[in-house]
**Student:** 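Handing you this structure, nothing more for now.
Since we're looking at a predicted model, the values are computed, not measured.
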Amino acid sequence: MINGSRQIVQKLWNYCNILRDDGMSYGDYVEQLTYLLFLKMDDERIQLGDSSAIPAELSWASLLRLDGDALEIQYRHILTTLGIGSGLIPVIFRKSQNKIQDPAKLRRLINLINEETWIGLDVDVKGEIYEGLLEKNAQDTKSGAGQYFTPRPLIQAIVDMMHPEPGKTICDPACGTGGFLLSTYDYIWKHYTPLDHDQQEHLRSDALHGWEIVDNTARLCVMNLYLHGIGVDNTDSPIRVGDSLASDPGERFDMVLTNPPFGKKSSITFINEQGESRSESQTIVREDFW
């Protein structure tokens with residue numbers, strides 16, 4: 001990681017230590033960063049003349065002019081409203097909540113993010129910043145986030161063996177924070193340069209697909225892809241929230257790259273013909289391939 005991105009990660013992470021005094025976990029902190037970073041970058045795209053799907057009353061600018069209780073109320077309103085519907089934005093904000101209880105500390109975090117011009121940063125730098133935060137979160141044994149963060153050297157070795165190519169579609173049915181998808185993206189860029197215009201558009205918008213069963217992890221994945229320039233212009237999210245083994249999605253892909261969890265045991269509740277509620281045990285065996 002270059003010095004500039006390392007310094008930004010450290011600055012943002014140091015502030016997490018302050019918020020931990022209020023009982024906020026590492027995972028909660030990265031989640032709040034996800035919401036705020038997306039709003040900030042959307043605002044920067046507007047300044048560059050791009051259109052936005054986020055209404056002005058729910059924008060980053062609406063947070064900058066507020067303080068105290070008014071700021072907290074507006075932030076909660078943004079999170080609730082943007083989580084409604086389908087598409088990339090609702091995947092990021094789905095079931096989102098404000099975990100920063102002190103409005104003054106929320107104001108300080110907004111100021112820290114506002115100090116940087118995120119769109120102006122190189123895509124690799126933005127990605128490294130967010131990856132650095134995700135990795136720090138995964139290293140925190142108390143957060144339990146390590147289960148969604150496969151070690152990057154392992155991912156890289158698998159991708160190198162599989163040799164993904166331009167024009168192909170790649171799926172990760174248990175994508176976590178998006179490590180396999182990002183490594184695939186980087187591999188194609190590095191090994192098949194120069195890509196023509198159609199190949200570039202396909203790689204950014206259509207090549208990569210994933211499923212993630214946990215809402216919070218899915219939002220981190222979408223944001224991670226977004227910071228790397230993947231899905232930026234998409235209406236639909238490249239990541240779907242749900243159990244990829246629950247049913248056939250009806251789609252087929254050229255390659256599957258994944259490191260799924262070990263297993264899952266659950267039950268299905270249904271209503272019988274007599275109107276009674278019954279539960280049926282369900283066991284899905286997922287073997288860890290690696």
**Student:** Distance check, rounded to the nearest 0.5 Å: D215 atom CG versus L220 atom CG?
**Tutor:**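 Rounded to the nearest 0.5 Å, the CG-CG separation comes out at 11.0 Å.
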
**Student:** Does any N or O in the side chain of D254 come within less than 3.5 Å of the main-chain N or O of T169, such that one atom is a donor and the other an acceptor?
**Tutor:** yes

**Student:** Is any side-chain heavy atom of V256 closer than 4.5 Å to a side-chain heavy atom of I170?
**Tutor:** no

**Student:** Under 3.5 Å, is there a donor-acceptor pair between the side chain of S96 and the main chain of L79?
**Tutor:**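 Checked: pair present.
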
**Student:** If you define the side chain from C-beta out and look only at heavy atoms, does anything of L257 sit under 4.5 Å from M162?
**Tutor:**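 Heavy-atom side-chain distance check passes, below 4.5 Å.
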
**Student:** Check whether any side-chain N or O of E212 sits under 3.5 Å from a backbone N or O of G178 as a donor-acceptor pair, and report yes or no.
**Tutor:**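 Checked: no pair found.
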
**Student:** What distance separates T217 OG1 from N224 CG, expressed to the nearest 0.5 Å?
**Tutor:** 12.0 Å

**Student:** Where do Q156 and D160 land on the side chain to side chain donor-acceptor pair (under 3.5 Å) test, with the steps shown first?
**Tutor:** CA-CA 6 Å; Q156 190 60 56; D160 288 345; 2.8 Å; yes

**Student:** Do L66 and I73 make a side-chain contact, defined as non-hydrogen atoms from C-beta onward lying under 4.5 Å apart?
**Tutor:** no

**Student:** Using 30° and 60° as the class boundaries, would you call the ring planes of Y185 and W189 parallel, tilted or perpendicular?
**Tutor:** perpendicular

**Student:** Do you know the tightest heavy-atom contact between L64 and R107?
**Tutor:** O-NH1, 3.5 Å

**Student:** Please confirm whether the backbone N or O of W60 pairs with a side-chain atom of D43, one donor and one acceptor, at under 3.5 Å?
**Tutor:**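 No, the answer is negative, given that no donor and acceptor are paired below the 3.5 Å cut-off.
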
**Student:** Would you find a donor on one side and an acceptor on the other, under 3.5 Å apart, between the side chain of T34 and the backbone of V30?
**Tutor:**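 Yes.
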
**Student:** As a quick check of understanding, evaluate salt bridge (charged side-chain N to carboxylate O under 4.0 Å, His left out) for D236 and R240, giving each step before the final call.
**Tutor:** CA-CA 9 Å; D236 296 325; R240 302 176 200 181; over 6 Å; no

**Student:** Would you mind listing every salt bridge (Lys or Arg N to Asp or Glu O under 4.0 Å) that reaches into residues 175-195, with sequence neighbours excluded?
**Tutor:**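 For residues 175-195, and leaving out neighbouring residues, there are no salt bridge (Lys or Arg N to Asp or Glu O under 4.0 Å) pairs at all.
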
**Student:** What heavy-atom pair brings N114 and K40 nearest, and what distance separates the two atoms?
**Tutor:**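 Minimum heavy-atom separation between N114 and K40: OD1-CE, 3.1 Å.
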
**Student:** Taking it one step at a time, do L33 and L109 satisfy side chain to side chain contact (heavy atoms under 4.5 Å, CB included)?
**Tutor:** CA-CA 8 Å; L33 282 175; L109 181 56; 3.8 Å; yes

**Student:** Donor-acceptor pair, Q199 side chain versus D196 backbone, under 3.5 Å?
**Tutor:** yes

**Student:** Check whether any side-chain heavy atom of E31 sits under 4.5 Å from a side-chain heavy atom of K99, and report yes or no.
**Tutor:** yes

**Student:** Using 0.5 Å steps for rounding, measure from the CG atom of L181 to the CD1 atom of I239.
**Tutor:** 5.0 Å

**Student:** Mind listing the closest non-hydrogen atom pair of S86 and P90 along with its distance?
**Tutor:** O-CG, 3.5 Å

**Student:** Less than 3.5 Å apart, any donor N or O on the side chain of E57 or S62 sitting next to an acceptor on the other?
**Tutor:** no

**Student:** Provide the closest heavy-atom pair for V159 versus S183 in the form atom of the first, atom of the second, distance.
**Tutor:**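 Looking at all heavy atoms of both residues, the shortest contact is CG2-OG, 3.6 Å.
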
**Student:** Is there a donor-acceptor contact under 3.5 Å from the side chain of D172 to the main chain of G210?
**Tutor:** no

**Student:** With a 4.5 Å heavy-atom cut-off, do Y26 and L134 have their side chains touching?
**Tutor:** no

**Student:** Using a 3.5 Å distance criterion without hydrogens, assess whether the side chain of Q32 forms a donor-acceptor pair with backbone atoms of Q97.
**Tutor:** yes

**Student:** Are L112 and E115 close enough that some pair of their side-chain heavy atoms sits under 4.5 Å apart?
**Tutor:**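 The answer is yes, as the side chains (C-beta and beyond) meet within the 4.5 Å cut-off.
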
**Student:** In terms of hydrophobic clustering (I, L, V, M, F, W, Y; side-chain heavy atoms under 4.5 Å; direct or indirect links), are I89 and I46 co-clustered?
**Tutor:** no

**Student:** Set out, in order, the CA-CA distance, both residues' side-chain angles and the distance that settles side chain to side chain contact (heavy atoms under 4.5 Å, CB included) for H163 and Y187, then state yes or no.
**Tutor:** CA-CA 8 Å; H163 306 297; Y187 181 93; 2.8 Å; yes

**Student:** Under the side chain to side chain donor-acceptor pair (under 3.5 Å) criterion, do N14 and Q10 qualify, and how do the steps go?
**Tutor:** CA-CA 6 Å; N14 286 343; Q10 195 58 52; 2.8 Å; yes

**Student:** Please answer: with hydrophobic residues joined when any side-chain heavy atoms are less than 4.5 Å apart, are Y15 and L36 in the same cluster?
**Tutor:** yes

**Student:** CD1/I188 to CG/L195 distance, rounded to the nearest 0.5 angstrom?
**Tutor:** 8.0 Å

**Student:** With a 4.5 Å cut-off on side-chain heavy-atom distances among I, L, V, M, F, W and Y, is there a chain of contacts connecting L39 to L48?
**Tutor:**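 They do share one cluster, since a chain of ILVMFWY contacts under 4.5 Å joins L39 to L48.
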
**Student:** Measure the spacing between CG of L182 and CG of L208 and express it to the nearest 0.5 Å.
**Tutor:**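 It comes to 8.0 Å.
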
**Student:** Side chain to side chain contact (heavy atoms under 4.5 Å, CB included) between L225 and V232: does it pass, once the steps are laid out?
**Tutor:** CA-CA 8 Å; L225 297 178; V232 171; over 6 Å; no

**Student:** Report the C-alpha separation of T117 and E44 in whole Å, then their side-chain angles, then the decisive distance to 0.1 Å, and conclude whether the side chain to side chain donor-acceptor pair (under 3.5 Å) test is met.
**Tutor:** CA-CA 8 Å; T117 304; E44 291 176 3; 4.8 Å; no

**Student:** Can you tell me if H202 uses its side chain to pair, donor with acceptor, with the backbone of D198 under 3.5 Å?
**Tutor:** no

**Student:** Kindly assign one of parallel, tilted or perpendicular to the pair F38 and Y226, based on the angle between their ring planes and the thresholds 30° and 60°.
**Tutor:**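 Tilted, since the angle between the ring planes falls between 30° and 60°.
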
**Student:** Ignoring hydrogens and angles, tell me if any N or O in the side chain of R94 forms a donor-acceptor pair with the backbone of A218 under 3.5 Å.
**Tutor:** no

**Student:** Apply side chain to side chain contact (heavy atoms under 4.5 Å, CB included) to the pair C175 and W211, showing each step before the final yes or no.
**Tutor:** CA-CA 6 Å; C175 62; W211 274 260; 5.7 Å; no

**Student:** Might you point out which heavy atoms bring D69 and P103 nearest each other, and give the distance in Å?
**Tutor:**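 So the two residues come closest at OD1-CG, 4.2 Å.
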
**Student:** Does Q7 reach the side chain of K11, with side-chain heavy atoms less than 4.5 Å apart?
**Tutor:** no

**Student:** I'd like to check R76 versus N98 (side-chain heavy atoms, cut-off strictly below 4.5 Å). Are they in contact?
**Tutor:** yes

**Student:** Centre-to-centre under 6.0 Å for H209 and F253, is that the case here?
**Tutor:**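 That pair passes the under 6.0 Å test.
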
**Student:** Do you know which two heavy atoms are closest between I213 and V241, and how far apart they sit?
**Tutor:**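 Of all heavy-atom pairs spanning I213 and V241, the closest is O-CG1, 4.3 Å.
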
**Student:** Would you compute the distance between atom CZ of R219 and atom CZ of F93 and round it to the nearest 0.5 angstrom?
**Tutor:**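 It is 9.0 Å, given to the nearest 0.5 Å.
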
**Student:** For K105, give me all partners under side chain to side chain donor-acceptor pair (under 3.5 Å), at least two apart in sequence or on another chain.
**Tutor:**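 K105 satisfies side chain to side chain donor-acceptor pair (under 3.5 Å) with D22 once adjacent residues are dropped.
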
